[in-house]
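Structure first, then comments.
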Amino acid sequence: MDAAVYYGIKDMRFEEVPTPQINNREVLVKCRAAAICGTDLRIYNYGHSMIPHGTKVILGHELAGEVVKAGDKVDGIKPGMRVLIAPNIGCGKCFQCLQGSFHLCNDYQAIGLPLAGGFAEYVKIPEKAVQQGAVLEIPDDLSFEEAAITEPMACVYNGFERCPAEPGDTVLLFGAGPIGIMHIMMTALAGASRIIVSETNDERLRIAESFGADILINSETGDLEKVVMQETKGKGADLIITACPSQEAQMTAPRLAALHGKINYFGGLPKDASSIHLDTNLIHYKELLITGSHGSNTYHCKKVLDLQASGKIDLKPIVTKKFPLNQIKQAFESALKGQGLKTVLIPGKE
Ligand SMILES: [Zn+2]
Ligand SMILES: [Zn+2]
């Protein structure tokens, strides 16, 4: 089959590899769409500890496709089914897994890293993933591209569960990349009265506005603190989400939070720059709640899929670029430039 194989930093090759074989408890899916994630871009640029030098892997953990084969011991999954894959697989036995938090399992593996992922014609869904319900059927009217980005939205859903917006809240969002836009959708759905977006890229601010952000501020050229305090009559934001890898955003957030405000450090910081200076008296006197969140589990994917199926959330406009799989390099380079929102690869040649 055709696959885009990651060999190392900036070395991605479109080549022929053996089609995966499945046993009687596994499922083979023909990939129809796989989205590029920020994690994939980081791996492309800097490598990853799970990919030792000299090994190679087929990336792609945001994927949807069609079941072509299901082992005879597999229940309820049949060839022809249109599905999306929840990529994170846990051991199934540890405390986190018993809670359904496969993404927090110490032994967790993901389809797309280190297991072969969706940047290929076919992907094998291992037994454990099948057992854990990772193969989710999608409705007929949901495109494969939309289903491929259910997973990143599921990460946003996870963040929302840990740190939700209440009806009437003023939300301050740092970062208007695809994930930031998904946070706009989620908090708007929950009834946020106002969404303030801080970003350094004007193009992305314009996009945020088109998705319903109320107040836009370029934090490089404008005075964010002044705007937030003006807009909230000196009260500050009820919910703050940092959807960008910025120390500055993380340090600013407690200052701009309202009394009893909540903060989610959603975007991680670079490994060598993950310490910040924090005035904890702000947390103390304002009684703030600060949390983080990362990744998603199958339950989060299922919840988002239900929101998509019911039409409450429409992720179609998030997919702004599509490339055939043989143009993987161009696709990655384009995604790296941060133009538009999500880039999706469609197996095939052009
Ligand atoms: Zn991802
Ligand atoms: Zn586990």
Side-chain angles (χ1 to χ4, degrees), residues 4 6 31 33-46 48 50-51 57-65 84-120 123 126-134 136 144-160 175 177-183 185-186 243-245 266-268 292-305 315 318-321 328 331-332 335-336 338 341-345:
Y6 173 86
C31 256
I36 297 177
C37 172
T39 307
D40 298 320
L41 296 175
R42 271 197 300 280
I43 295 169
Y44 182 72
N45 268 344
Y46 308 112
H48 195 282
M50 274 167 127
I51 316 171
V57 65
I58 298 170
L59 298 171
H61 58 271
E62 302 176 356
L63 69 143
L84 74 86
I85 307 302
N88 296 324
I89 310 166
C91 72
K93 296 179 206 150
C94 73
F95 193 73
Q96 293 93 306
C97 283
L98 293 176
Q99 287 185 311
S101 301
F102 303 137
H103 64 301
L104 299 178
C105 173
N106 289 334
D107 254 341
Y108 109 99
Q109 291 197 309
I111 291 167
L113 185 72
L115 307 173
F119 297 152
V123 60
E127 179 181 346
K128 219 174 238 175
V130 174
Q131 279 173 354
Q132 290 177 359
L136 298 171
F144 288 115
E145 288 123 61
E146 287 165 84
I149 56 169
T150 299
E151 196 277 334
M153 186 72 200
C155 299
V156 168
Y157 189 92
N158 177 29
F160 184 84
I179 289 287
I181 301 297
M182 289 175 176
H183 279 292
M185 290 178 167
M186 198 67 223
C244 54
F266 182 92
S293 66
H294 86 100
S296 71
N297 62 34
T298 305
Y299 166 80
H300 302 129
C301 289
K302 179 75 183 117
K303 289 295 254 189
V304 171
L305 181 57
L315 298 181
I318 302 268
V319 176
T320 46
K321 270 196 176 147
I328 184 98
F332 266 69
L336 274 175
L341 296 170
K342 272 285 192 187
T343 302
V344 169
L345 286 151

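When a ligand or atom number is given, it counts from 1 through the structure's own listing order.
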So, Glu151 side chain and His61 main chain: donor-acceptor pair closer than 3.5 Å or not? no
Apex the Zn ion (ligand 2) - arms SG from Cys91 and SG from Cys97 - angle rounded to 10°: 110°
Working for side chain to side chain contact (heavy atoms under 4.5 Å, CB included), residues Leu104 and His294: CA-CA 9 Å; Leu104 299 178; His294 86 100; 3.4 Å; yes
Closest heavy-atom pair and its distance - Gly117, Ile111: CA-CG2, 4.0 Å
Opening angle at the Zn ion (ligand 1) [SG, Cys37; NE2, His61; to 10 degrees]: 100°
Should we count NZ of Lys303 as having more than 12 external heavy atoms under 6.0 Å? no
Considering just N/O/S atoms, say which atom of Glu62 is closest to the Zn ion (ligand 1). OE2
